[in-house]
Engineer: 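Please find one structure pasted underneath; my questions will follow.
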Amino acid sequence: MTGSGGLVATFSVWDYVVFAGLILFAAGIGLFQAIHGRKEASSEEFLLGGRQMTAVPVALSLTASFMSGITVIGTPAEAYMYGTAFWLFVFSYAIMSTISAEIFVPLFYRLSITSTYEYLEMRFNKLLRVIGTSMYIAQTVISSRVAVTGLDLWGVLVATGAVCIIYCTLGGLKAVIWTDVFQMIIMLSGFVAIIARGAVLQGGLGKIWNDSYHGGRLETFSFDPDPLRRHSFWTIVVGGSLMWASMYSINQSQVQRYISCKTMTQAKLSLYLNMVGLWVTVSLAMLSGLTMYSIYKDCDPFTNKDVGASDQLLPYLVMDILAEFPGLPGLFVAAAYSGTLSTVSSSINALVAVTVEDFMKPAWPWLTERQLSWINMGMSVFYGAVCIGMAGVASLMGNILQAALSIFGMISGPLLGLYMLGIFFRCVNSTGGLVGLISGLTITLWVGIGAQLYPPLPEKTLRLPLSVEGCFAPDMNETTTITPFSTVLQTTTPQPRPALADNWYSLSYLYFCPVGIIVTMITGLIVSAISGKVTLSHLFVSDRRKLDLNLIEKDPKNIQGLENQVFSDNEIALKEKDYKEKITKF
């Protein structure tokens, strides 16, 4: 009986057929674009799609590449166990989109760069560019571990990973973007199938909403200012906005997509359309989680030991309620793995871009376009194998949603702080930027690793109660009497905790990014003031000609932004005399 616990059905032949068919069709789209759309085998064509993409497919790709692997598995479990506070991220997505579109898109678009971290060399020095690129590579490879947790299908993982590597290697960014469009449709279809079937079983969406209300799942708004509170209005809107801004504003996987657009207007529009896509995706994920709670409110599979981790809850639900419809479980697994492929494919293409642009081209400037094309394809295979391998050991990570966002906050926060120093503060020099970045990264790694070793206590995470009173006991012909989940937590033996565990290490994971930004910026300003002999009055000089800090090498051969042909429509009217001063700062 659905919702009463115990074993659930396994994949049928039709499920495998649907799953394989959808994945192969997605790969076919990518390969078609690779063959049909590539005009020449240039590095720019491979990495940026020839800068000829439009807003809608780029927007769908932006949504798929970062929300997919995390959202499909993690967000419904979040709503099931913690309620709908995560829904407040719709405000964060709006703030993030505005920051990215109005500040960072004009900057990167004017520069006409391939790697985001080229800016760091222009503004500071080559060392900071190498450090920034290395931090991005480490973050991307580590975070790929969280893409497929909970789906114990090693054979399918290897097969789909191989498909992903093939179309990334042959098609480049254009193949990745158009494949993401199809994969996004599959992911949303998976959520809709779960919600629709759940509504039929429970007697309508009203019943699901009512169960969620009485179960405390709809207490979305909490204005508690406590920074140790895992999710509140302030942690999500303040911390979450900056965390997502760090992903979309400077992360190579995202920047590479919107600078591939034909014009800057298209690039900005892609971010605002992506915002709407994120709203729809997180809303469907939340409704899927509430559907799960309505079905399992009296028999929690996690407490009943039917699943071993929270990220296995949604796959368990799918097999429980959709198994009688051959092919639908395959649709869901295709949705989950579409998320995985989207995340991995975007990571592969971005990792290739930063490796080639930031390491190989400077080291071997004599490489021809043909040689670079072969290097691009070889690096795609290498990074694809690395990302798939890391994803395969994802079961060691625990809460995949929080783990992913924590990693992004710990590494992207200090990097965003460095970019903000370079853009908004003219007095900051390379020494200040380097010391600020190292300081910010040290602090975020300290609090992040400490939080993993000594997780916050239940009163800060506020996991909502779950019951097993309605679980069916086959050997007793009656319901079990296992105590509720909240009681189990209270009876566990407390482990010794250091003094920092209940304050510093219990800081909300959403504040990791703001902490990194603040520490990086304050340290960078102080060190620059000391090492550069610049007073605080120079922070906001009205006449830029009074301050010459050599922010960019004044070599006419290196002028890039105005040479970009996409500016021929006069979208950006920069005067030549202002170019060198405006190109790396506002």
Side-chain angles (χ1 to χ4, degrees), residues 26 29-30 33 37 47-72 75 89-109 116 167-168 171-192 240-241 243-285 335 338-347 349-350 353 408 566 571:
I29 294 175
Q33 289 297 325
L47 298 176
L48 295 175
R51 298 184 189 269
Q52 292 299 310
M53 301 303 299
T54 54
V56 174
V58 170
L60 290 173
S61 180
L62 285 170
T63 305
S65 62
F66 259 107
M67 286 299 294
S68 55
I70 298 171
T71 301
V72 174
T75 309
F89 270 102
V90 295
F91 297 110
S92 301
Y93 300 147
I95 296 171
M96 168 273 294
S97 299
T98 303
I99 292 173
S100 301
E102 302 305 326
I103 296 178
F104 288 91
V105 166
L107 174 67
F108 293 131
Y109 216 82
T116 313
Y167 74 74
C168 285
L173 181 67
K174 189 174 292 185
V176 171
I177 288 178
W178 282 107
T179 304
D180 283 348
V181 172
F182 176 73
Q183 290 169 344
M184 191 65 194
I185 296 172
I186 295 300
M187 284 185 281
L188 296 181
S189 300
F191 282 140
V192 170
S241 296
M243 181 199 65
W244 280 102
S246 72
M247 294 188 213
Y248 276 82
S249 297
I250 63 171
N251 188 289
Q252 176 69 23
S253 299
Q254 304 298 72
V255 175
Q256 189 173 343
R257 276 159 174 68
Y258 55 70
I259 65 174
S260 71
C261 290
K262 292 181 178 180
T263 64
M264 191 166 72
T265 300
Q266 291 280 324
K268 288 185 176 183
L269 181 60
S270 70
L271 279 166
Y272 289 120
L273 291 176
N274 163 72
M275 175 185 71
V276 177
L278 294 177
W279 287 349
V280 173
T281 306
V282 76
S283 296
L284 289 176
S338 290
T340 298
L341 291 183
S342 176
T343 304
V344 172
S345 62
S346 65
S347 298
N349 200 255
F408 287 128
V566 301
E571 281 191 47

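Note that these values count all heavy atoms, side chains included, but never hydrogens, waters or copies made by symmetry.
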Engineer: Mind listing the closest non-hydrogen atom pair of Ala94 and Trp279 along with its distance?
Structural biologist: CB-CZ2, 4.1 Å
Engineer: Quick one: does any side-chain atom of Tyr248 pair with a main-chain N or O of Ile99 as donor and acceptor, under 3.5 Å?
Structural biologist: no
Engineer: Tell me, do Thr116 and Asn251 make a side-chain contact under 4.5 Å, heavy atoms counted?
Structural biologist: no
Engineer: Please report the shortest heavy-atom distance between Val255 and Ser249, naming the atom on each side.
Structural biologist: CG2-O, 3.3 Å
Engineer: Which pair of non-hydrogen atoms, one from Lys268 and one from Glu102, has the smallest distance, and what is that distance?
Structural biologist: NZ-OE1, 3.4 Å
Engineer: Give the intermediate values and the outcome of side chain to side chain donor-acceptor pair (under 3.5 Å) for residues Thr54 and Gln266.
Structural biologist: CA-CA 6 Å; Thr54 54; Gln266 291 280 324; 5.0 Å; no
Engineer: Please answer whether the main-chain N or O of Ala267 pairs with a side-chain N or O of Ser270 as donor and acceptor at a distance below 3.5 Å.
Structural biologist: yes
Engineer: Just by distance, do the side chain of Ser246 and the backbone of Met243 share a donor-acceptor pair under 3.5 Å?
Structural biologist: yes
Engineer: Identify the two heavy atoms, one from Ser241 and one from Met96, that lie closest to each other, and give their separation to 0.1 Å.
Structural biologist: O-CB, 4.2 Å
Engineer: Once rounded to the nearest 0.5 Å, what's the spacing between atom CG of Leu62 and atom CE of Met247?
Structural biologist: 13.5 Å
Engineer: Please name the pair of heavy atoms, one in Phe108 and one in Ile259, separated by the smallest distance, quoted to 0.1 Å.
Structural biologist: CB-CG2, 4.2 Å
Engineer: Which distance, rounded to the nearest 0.5 Å, do you find between the CG of Leu107 and the OG of Ser100?
Structural biologist: 12.0 Å
Engineer: State whether the side chain of Trp244 and the backbone N or O of Tyr93 hold a donor-acceptor pair below 3.5 Å, judged by distance alone.
Structural biologist: no
Engineer: When you measure from the side chain of Tyr272 to the backbone of Ala101, do you find a donor-acceptor pair of N or O atoms at a distance under 3.5 Å?
Structural biologist: no
Engineer: Just verifying a value: how many Å separate Thr75 OG1 and Phe89 CZ, rounded to the nearest 0.5 Å?
Structural biologist: 9.0 Å
Engineer: Considering only heavy atoms from C-beta outward, does the side chain of Met184 approach that of Thr281 to under 4.5 Å?
Structural biologist: yes
Engineer: Once you round to the nearest 0.5 Å, how far does CG of Leu273 lie from CG of Leu278?
Structural biologist: 11.0 Å
Engineer: Please confirm whether the backbone N or O of Pro57 pairs with a side-chain atom of Ser61, one donor and one acceptor, at under 3.5 Å?
Structural biologist: no
